[in-house]
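In listed order, ligands and their atoms are each counted from 1. Note that the structure is a prediction, hence the values are computed from the model and not measured.
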Amino acid sequence: MDITVSEKYLWFPVDMSGEMVWVSVYDGDQKIQEMKVSLGKEHIDFYGVWKATEYLGKELRIVSEKGEEYLDGVDIRQEKTRPQNDYPYRPRLHYTPAYGWVNDPNGLVYVDGVYHMFHQYNPYSTEWQNMSWGHATSTDLVTWEHHGDAISPDALGTIFSGSCVVDKDNTAGFGDGAVIAFYTSASDRQVQSMAYSLDNGKTFKKYARNPILTSTQRDFRDPKVIWHEDTKKWIMVLAVGQEMEIYSSADLKNWTLESKFGEGQGAHGGVWECPDLLELPIEGTELKKWVLVCNLNPGGPFGGSATQYFVGTFDGKRFVNESPAVTKWMDWGKDHYATVTWSNAPAGRAIALAWMSNWQYANDVPTRQYRSANSVPRDLSLYTSEGETYVKVTPSPELLKLRDKGSKKRAFKVDRTYNLDKLLNDNSGTYEIEMTIKNKDADVIGFQLFNSKGEEVEMYYNLAEKTFTMDRTKSGEVSFSKDFPAVTVAPVEGGNEMKLRLFVDKSSIEAFGNDGRFAMTNLVFPSEPYNRISFYAKGGSCNVTSFTVYKLGLK
Ligand code: FRU
């Protein structure tokens, strides 16, 4: 099929129930784009989009691996704008592109007042495929503007996860302040590549001498690059099988293997992915410790993907875990993966973002035009409890600014049902709840969030076992995967006062307990928003001393 490009965007009609077929776009003899996609004729679920600006006025040829017939009757539209697709589960507080598949956050970097979020992206379908880096920017970590693809597949392969740095001193020679992206080029082997931006992260050029690092290992990916001030060197951490490899470099192009970390450490139920390495302050002290973040799939505490971390020392060559016998989880839900932090964040902040899904069912969750969002941003620090140092995960302070000033704090009665729509004067399904519960002599204290269809999420503290549980087995649509209806449990410290913050955003619940000493992130798919709440206490009584449900000021 030939198309003369007359508009900025080509819209490809996608039928999600069809067979995935390789489709290529040629400019003369040169293949300029290749995508695996299920094109629709009678039935169209949504439009995948391809930005064709640089080919305006040109004639392009579109071919499929199934021949000409496959494309007969496929109406590829030419449009001035991107399509706006919507869906009832689409979050408001969390970023999603208008269409397409999203997984890991990539290349998080703060440049000149702007937070850049790149992410694993398939613009042509809502299943994992055609990996490129999508790009969005924000100045407040909440409102995101989507910019389409930043780095697209090439002869070395598709573009897997990685990171960005700002090369302030021009160590790589691309220019002062170049933003440099490191990613894995994935084909039948995985190699590391780089690309650089001379316009503050808006556009990238691939380095002419890619790849910059190769290996004989099959799983060799997700480069995280940081600057190590003490040794004045760049450090790259790579996930390699079930280990991390640590490299150093003076110029970001030539890398030397310094050490390996992982054998006998932490959870090993699956492959290690998406590392991060950062130094964090310990609250209440002047001290800092190094944290090695290690995402793991499968092998999480409730099956599938999860984020573990190690606390210890790092001297520019070697990371030493101070507690090899303890496995530490950053989040106790099922939908918190590929966590990484922003490079160059202001005021030395460690701002983390996770992908809110799980490889057990990520491709099956019941959304159509988009699939998957990232978590709310979270600030990380360290705290010590009974001699052990843990990561504290607090919703980023930017989220406080969204709270509607009219929201009222109140005391709640146990055993009564409250209507959240009325308290909120809103039924959008996006809100924050903050509560403090004081226990008198109960064994279990909990509440259900539910809707008129009887769909509910139950959360409760077990005071004897010192746990917090979230049960989503009756949360709405759960049948798309046997691994979805789950009950997740976090350890909590003792004490009679419990503080909890919940972010509910149509199809997700993120819980933060006791100022971030535990976090739990779970997806839910209710057929209508949870708009009621009722508390209960078993084996004794308690007081809900304060309860506020906040409407969030979102555009
Ligand atoms: C983690 C991951 C990474 C890889 C990317 C591919 O979710 O498997 O290891 O780079 O996703 O999309």
What side-chain donor-acceptor pairs closer than 3.5 Å can you find for residues 262-271, not counting sequence neighbours?
from   : atom 1 : to     : atom 2 : distance (Å)
Gln265 : OE1    : Asn321 : ND2    : 2.8
His268 : ND1    : Gln242 : OE1    : 2.8
His268 : NE2    : Gly262 : O      : 2.9
His268 : NE2    : Gln265 : O      : 2.8

I'd like a table of the close N/O pairs between ligand 1 and the protein (anything under 3.5 Å), one pair per line with both atom names and the distance.
from     : atom 1 : to     : atom 2 : distance (Å)
ligand 1 : 7 (O)  : Asp104 : OD1    : 2.8
ligand 1 : 7 (O)  : Asp104 : OD2    : 3.3
ligand 1 : 7 (O)  : Trp359 : NE1    : 2.9
ligand 1 : 8 (O)  : Glu273 : OE1    : 3.4
ligand 1 : 8 (O)  : Glu273 : OE2    : 2.9
ligand 1 : 9 (O)  : Arg221 : NE     : 2.7
ligand 1 : 9 (O)  : Asp222 : OD1    : 3.4
ligand 1 : 9 (O)  : Asp222 : OD2    : 2.6
ligand 1 : 9 (O)  : Glu273 : OE2    : 3.1
ligand 1 : 10 (O) : Ser161 : N      : 3.1
ligand 1 : 10 (O) : Asp222 : OD1    : 2.6
ligand 1 : 11 (O) : Asn103 : ND2    : 3.3
ligand 1 : 11 (O) : Asp104 : OD2    : 3.1
ligand 1 : 12 (O) : Asn103 : ND2    : 3.1
ligand 1 : 12 (O) : Gln120 : OE1    : 2.6
ligand 1 : 12 (O) : Trp128 : NE1    : 2.8

Do Phe118 and Phe204 pass the ring-ring contact (aromatic ring centres under 6.0 Å, His included) test, and can you show the C-alpha distance, the side-chain angles, and the key distance before you say yes or no? CA-CA 12 Å; Phe118 302 89; Phe204 282 85; 5.5 Å; yes
Are the ring centres of Trp290 and His228 closer than 6.0 Å? yes
Side-chain ion pair, Arg378 and Glu510, N-O less than 4.0 Å: yes
Once you measure the plane-to-plane angle for Trp342 and Tyr115, does it fall in the parallel (<30°), tilted (30-60°) or perpendicular (>60°) bin? perpendicular
So does Thr126 get a backbone contact from the side chain of Arg368, meaning a donor-acceptor N/O pair under 3.5 Å? no
